[in-house]
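What follows is a set of notes on a single structure, which appears directly below.
Everything numeric in this text was worked out from a predicted model, so none of it was measured. Letters go in sequence order (proteins before strands), and every chain restarts at 1.
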Amino acid sequence: MNFQPIAANFFQQPTIELAQNLVGQYLVHQHPEGVMVVKIIETEAYMGAEDRAAHSFGNRRTKRTEVMFGEPGLVYTYQMHTHILMNVVSGPVGKPEAILLRAGEPVVGHELMQQFRGTNAMKNWTNGPGKLSKALDVSMSYYGHHWTEEPLFIAPGPGVTELEIGPRVGIQNTGEAVEYPYRFSEKGHPMVSKYR
DNA sequence: CTTCCGATCGTCT
DNA sequence: GACGATCGGAAGA
């Protein structure tokens with residue numbers, strides 16, 4: 001299989017639509033030890049200044065959130081405890097919106113992913129945002145990279161048969177924002193994360 | 001099966 | 001100096 005980066009204008013659609021349309025696309029990492037590909041099966045939208053759960057709530061602009069104010073399609077990596085989380089910057093320039101990539105399904109490079117994840121069962125390799133980054137060996141060094149450029153990019157995928165919509169995960173203490181239906185996943189997929 | 005807790009570090013106050 | 005868009009191991013039911 002040959003994977004090509006998706007067109008840059010893919011990232012110019014509204015954040016909610018982009019979050020939905022990212023489910024079912026491929027995420028490709030051309031690692032020095034070999035190529036790894038997963039199909040994205042779960043995302044969450046973070047709606048910038050208006051969204052209490054977003055890092056950029058109230059247009060908070062710091063070294064960490066700076067990239068969210070840039071052009072759509074940039075990579076926003078963030079460290080949570082011992083884990084790296086991957087985001088896609090969205091919204092027009094100046095609107096700090098982003099989409100968290102929460103889970104994937106291994107497509108290419110199973111041996112490498114198993115090596116980076118340890119000996120766990122395959123369904124536990126990529127069924128959470130920190131696990132996904134670790135399986136693909138993605139680090140903070142991709143902060144500010146663009147999702148259309150090698151060696152880490154989004155490629156057109158097969159899409160999904162049915163999309164499930166629900167509240168986001170792991171954002172308690174953020175008031176009304178806890179209930180917003182900004183989580184999108186492939187319905188019934190066994191590798192969708194189950195934390196809440 | 002479920003709940004509980006510690007890891008461990010960049011970022012912000 | 002405190003906190004967190006998480007994870008996995010341990011302990012309990």
Contact class for A:Arg117 (heavy atom, under 4.0 Å): base, sugar-phosphate, or nothing?
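Sugar-phosphate, backbone atoms only, no base.
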
Using a 4.0 Å heavy-atom cut-off across all strands, classify A:Asn87 as base, sugar-phosphate, or nothing.
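It contacts base atoms.
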
Hey, is A:Tyr46 stacking on C:dA5? Ring centres under 5.5 Å, planes under 30°.
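Yes; by the centre-distance and plane-angle rule, A:Tyr46 counts as stacking on C:dA5.
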
Is it the case that the side chain of [X] and the backbone of [Y] share a donor-acceptor pair, with hydrogens and angles ignored and the cut-off at 3.5 Å?
| X | Y | value |
| --- | --- | --- |
| A:Tyr143 | A:Val67 | yes |
| A:Thr15 | A:Glu97 | no |
| A:Trp125 | A:Lys134 | no |

Nearest-Å distance for atom pair [atom1]/[atom2], residues [X] and [N]:
| X | N | atom1 | atom2 | value |
| --- | --- | --- | --- | --- |
| A:Arg60 | C:dG4 | CZ | P | 11 Å |
| A:Lys131 | B:dA7 | NZ | C1' | 16 Å |
| A:Lys63 | B:dT13 | NZ | C1' | 14 Å |
| A:Leu132 | C:dC7 | CG | P | 10 Å |
| A:Asn127 | C:dT6 | CG | C1' | 12 Å |
| A:Ile84 | C:dT6 | CD1 | C1' | 11 Å |
| A:Tyr142 | B:dG10 | OH | C1' | 20 Å |
| A:Met80 | B:dT8 | CE | C1' | 11 Å |

Between [options], which nucleotide has the shortest distance from any of its atoms to the side chain of [X]?
| X | options | value |
| --- | --- | --- |
| A:His55 | C:dA5, B:dT11, C:dC7 | C:dA5 |
| A:Gln79 | B:dT11, C:dT6, B:dC9 | B:dC9 |
| A:His83 | C:dA5, C:dC7, B:dA7 | C:dC7 |
| A:Ile171 | B:dT8, C:dA5, C:dC7 | C:dA5 |
| A:Thr82 | B:dT11, B:dT8, C:dA5 | B:dT8 |
| A:Met68 | C:dA5, C:dG4, B:dT11 | C:dA5 |

Contact under 4.0 Å: A:Lys134 side-chain N or O vs C:dT6 OP1/OP2
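Answer no for this pair, as no side-chain N or O of A:Lys134 is under 4.0 Å from OP1 or OP2.
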
Provide the Watson-Crick or G-U wobble partner of C:dC3, both distances under 3.5 Å; none if there is no partner.
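The base-pairing partner of C:dC3, which may sit in any strand shown, is B:dG10.
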
Nearest-0.5 Å distance, CG of residue A:Asp137 to CG of residue A:Leu152:
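Separation between the atoms: 11.0 Å.
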
If you draw the axis of the six-membered ring of A:Tyr46, does the NZ or CZ of A:Arg168 fall within 45° of it and under 6.0 Å from the ring centre?
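Checked: cation-pi criterion met.
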
